[in-house]
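Here the structure comes first, spelled out in structure tokens, and everything after it is commentary.
Along the sequence shown, the residues carry numbers beginning at 1. Keep in mind it's a predicted model, so treat the numbers as computed, not measured.
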Amino acid sequence: MSATPQTGPLRHFLQFRDLSKNEIDYVLDRARIIKNKFKRYEPHHTLHDRNLAMVFEKASTRTRVSFEAGMYQLGGSVIHLTTGDSQLGRSEPIEDTARVISRMVDLIMIRTFEQTRIERFAAHSRVPVINGLTNEFHPCQILADIFTFIEHLGPIKGKTVAWIGDGNNMAYTWLQAAEILEFKLHVSAPQGYQLEPQRIGKPASNILQEFSDPLDACRGAHLVTTDVWTSMGYEAENEERRKAFADWCVDAEMMAVADPAAVFMHCLPAHRGEEVTGEVMDGPQSVVWDEAENRLHVQKALMEFLLLGRQEG
């Protein structure tokens with residue numbers, strides 16, 4: 001199969017809402033096709049001779065491996081950059097870095113701090129830019145999570161996702177996904193760590209519901225999901241957060257009040273005994289390993305879409 005080149009305006013994926021519902025549905029369905037080929041050891045080299053630059057201002061395991069392996073599996077090649085081995089660590093304006101790198105590669109993935117940094121980069125890039133994680137959003141992870149949900153439970157429209165823990169980049173991305181894909185989002189976070197009203201605006205009342213008691217947030221949920229209590233960049237608050245989040249550890253009681261078919265997800269790395277018990281993390285409702293693998297497949301579909309547009313076969 002020969003790939004059809006992308007035509008039309010340059011596309012980036014900086015937050016979940018950068019894709020329409022129709023485009024998200026396409027990427028998820030394309031990921032299913034690509035994953036099936038991967039499992040059958042069928043080559044899928046639609047990005048032959050294309051280059052991906054990965055820029056890491058924050059450390060990573062899953063993001064690096066999934067993007068790097070994915071690009072190689074698509075037939076392309078990868079350049080790995082960190083602040084220690086590029087001019088980004090020597091105070092070169094991010095706009096200048098974008099202008100230079102985007103003249104030399106076909107696609108750029110960045111894992112960085114403030115969302116404004118990746119937006120400034122994308123504004124001066126000649127090629128698609130993908131958000132590998134920022135302080136504000138983690139769209140590739142939520143794409144993988146929704147793909148995993150569909151694999152196990154079918155369409156997510158009308159279902160309920162319970163987010164237990166910090167009102168962080170994952171929580172805000174789940175909210176964007178809920179608004180686009182029309183599912184319900186239950187959020188429970190300790191006082192002082194909830195979603196910020198000025199950031200969430202006024203989502204439809206049938207989309208977001210916040211709970212002071214995490215057990216109530218889990219009632220009837222089809223997916224219960226969480227993250228570490230202390231994200232990168234907030235390590236100084238670790239002990240304070242451990243105390244504040246003590247009652248927000250996802251345990252068997254929370255899973256018991258969820259829908260009988262409910263699954264548990266965690267974007268990893270996980271701290272058993274903190275944000276989730278070992279019983280849940282390693283239990284029969286946990287799909288965290290499928291979730292982790294699916295970063296590979298959805299990101300391959302995403303990269304292909306951003307570079308080539310919709311493909312057949």
Side-chain angles (χ1 to χ4, degrees), residues 3-19 23 27 45-144 169 173 231-233 295-296 298-311:
T4 304
Q6 167 74 297
T7 59
L10 178 64
R11 300 294 301 275
H12 303 298
F13 189 57
L14 309 185
Q15 51 185 299
F16 200 87
R17 64 165 62 113
D18 283 343
L19 297 184
E23 289 168 335
V27 169
H45 295 163
T46 51
L47 297 188
H48 172 70
D49 207 29
R50 300 296 185 99
N51 300 294
L52 166 70
M54 303 191 303
V55 181
F56 289 95
E57 295 190 293
K58 283 188 176 185
S60 167
T61 300
R62 279 152 294 276
T63 296
R64 177 177 178 180
V65 174
S66 58
F67 270 106
E68 190 162 342
M71 191 60 175
Y72 285 130
Q73 290 166 17
L74 290 172
S77 59
V78 180
I79 300 169
H80 176 250
L81 298 170
T82 68
T83 52
D85 56 23
S86 70
Q87 291 298 330
L88 277 172
R90 301 179 180 87
S91 301
E92 178 178 57
I94 197 166
E95 293 84 355
D96 291 355
T97 301
R99 290 182 177 106
V100 173
I101 294 177
S102 66
R103 284 172 175 260
M104 301 177 179
V105 300
D106 302 286
L107 184 66
I108 301 168
M109 185 282 298
I110 305 180
R111 186 176 173 95
T112 187
F113 295 91
E114 297 81 9
Q115 183 75 9
T116 53
R117 285 185 66 75
I118 197 169
E119 289 173 353
R120 287 165 54 200
F121 192 105
H124 294 83
S125 174
R126 295 167 57 151
V127 300
V129 176
I130 297 173
N131 182 351
L133 176 143
T134 61
N135 291 348
E136 289 83 2
F137 299 110
H138 199 358
C140 289
Q141 182 65 58
I142 301 305
L143 265 183
N169 52 3
T173 310
S231 300
M232 283 183 287
R295 284 284 301 275
L296 172 71
V298 297
Q299 287 165 188
K300 286 164 72 174
L302 175 67
M303 290 189 290
E304 184 188 79
F305 174 71
L306 292 176
L307 280 175
L308 304 178
R310 295 173 183 264
Q311 299 292 295

Checklist outcome for this item: Heavy-atom closest pair (A301 atom, V27 atom, distance to 0.1 Å) is CB-O, 3.5 Å
Checklist entry - When rounded to the nearest 0.5 angstrom, what is the spacing between CD in Q115 and CZ in R120? => result 12.5 Å
Next on the checklist: Within the structure provided, determine whether E57 and T82 are in side-chain contact (heavy-atom separation under 4.5 Å).
Outcome noted: no
Checklist entry - Is the backbone of V129 close enough, under 3.5 Å, to the side chain of H12 for a donor and an acceptor to pair up by distance? => result yes
Checklist outcome for this item: dist C140:SG -> R111:CZ (nearest 0.5 Å) comes out at 10.0 Å
Next on the checklist: What I'd like to find out is whether the side chain of L19 reaches to under 4.5 Å of the side chain of R11, using heavy atoms alone.
Outcome noted: yes
Next on the checklist: The test is side chain to side chain contact (heavy atoms under 4.5 Å, CB included); show your working for R310 and E23 and say whether it passes.
Outcome noted: CA-CA 9 Å; R310 295 173 183 264; E23 289 168 335; 4.1 Å; yes
Checklist entry - So, the side chain of D96 versus the backbone of P93: is there a donor-acceptor pair under 3.5 Å, distance only? => result no
Checklist entry - What residues, two or more places apart in sequence or in another chain, satisfy side chain to side chain donor-acceptor pair (under 3.5 Å) together with E68? => result R64
Checklist outcome for this item: Of all heavy-atom pairs linking S77 and M71, the shortest is O-CG, 3.6 Å
Checklist outcome for this item: When rounded to the nearest 0.5 Å, the distance separating CE of M54 from CZ of F67 is 9.0 Å
Item to check | Considering all heavy atoms, the nearest H138-T173 contact | outcome: N-OG1, 3.0 Å
Checklist entry - What heavy-atom pair brings I118 and I130 nearest, and what distance separates the two atoms? => result CD1-O, 3.8 Å
Checklist entry - Heavy-atom distance under 4.5 Å between the side chains of R295 and T63, does that happen here? => result yes
Checklist entry - Would you call T112 and F56 a side-chain contact if the rule is heavy atoms closer than 4.5 Å? => result no
Checklist entry - Do T134 and R117 have side-chain N/O donor and acceptor atoms under 3.5 Å apart? => result no
Checklist entry - Who are the side chain to side chain donor-acceptor pair (under 3.5 Å) partners of T116, not counting sequence neighbours? => result none
Next on the checklist: Checking side chain to side chain contact (heavy atoms under 4.5 Å, CB included) between L107 and each of E304, R50, M303, which is the one that passes?
Outcome noted: M303
Item to check | Value rounded to 0.5 Å, distance of NE2 in H45 from CD in Q73 | outcome: 8.5 Å
Checklist entry - Does S102 have any side chain to side chain donor-acceptor pair (under 3.5 Å) partners at least two apart in sequence or in another chain, and if so, which? => result none
Checklist entry - Under 4.5 Å between any side-chain heavy atoms of P128 and L307, yes or no? => result yes
Checklist outcome for this item: Between P139 and N131, the two heavy atoms sitting closest are CD-ND2, 3.7 Å
Item to check | L133 side chain reached by K58 side chain, heavy atoms, under 4.5 Å | outcome: yes
Next on the checklist: Is there a side chain to side chain contact (heavy atoms under 4.5 Å, CB included) between L47 and L308? Walk through the geometry before answering.
Outcome noted: CA-CA 8 Å; L47 297 188; L308 304 178; 3.7 Å; yes
Checklist entry - Atom CD of Q299 and atom CZ of F13: how far apart are they, to the nearest 0.5 Å? => result 9.5 Å
Item to check | Beyond-backbone contact of V105 with I79, side-chain heavy atoms, under 4.5 angstrom | outcome: yes
Next on the checklist: Quick check: do N169 and N135 have side-chain heavy atoms less than 4.5 Å from each other?
Outcome noted: no
Checklist entry - Do you know which two heavy atoms are closest between F121 and T97, and how far apart they sit? => result CE1-CG2, 4.1 Å
Checklist entry - Between OG1 of T46 and CZ of F305, what distance do you get to the nearest 0.5 Å? => result 13.5 Å
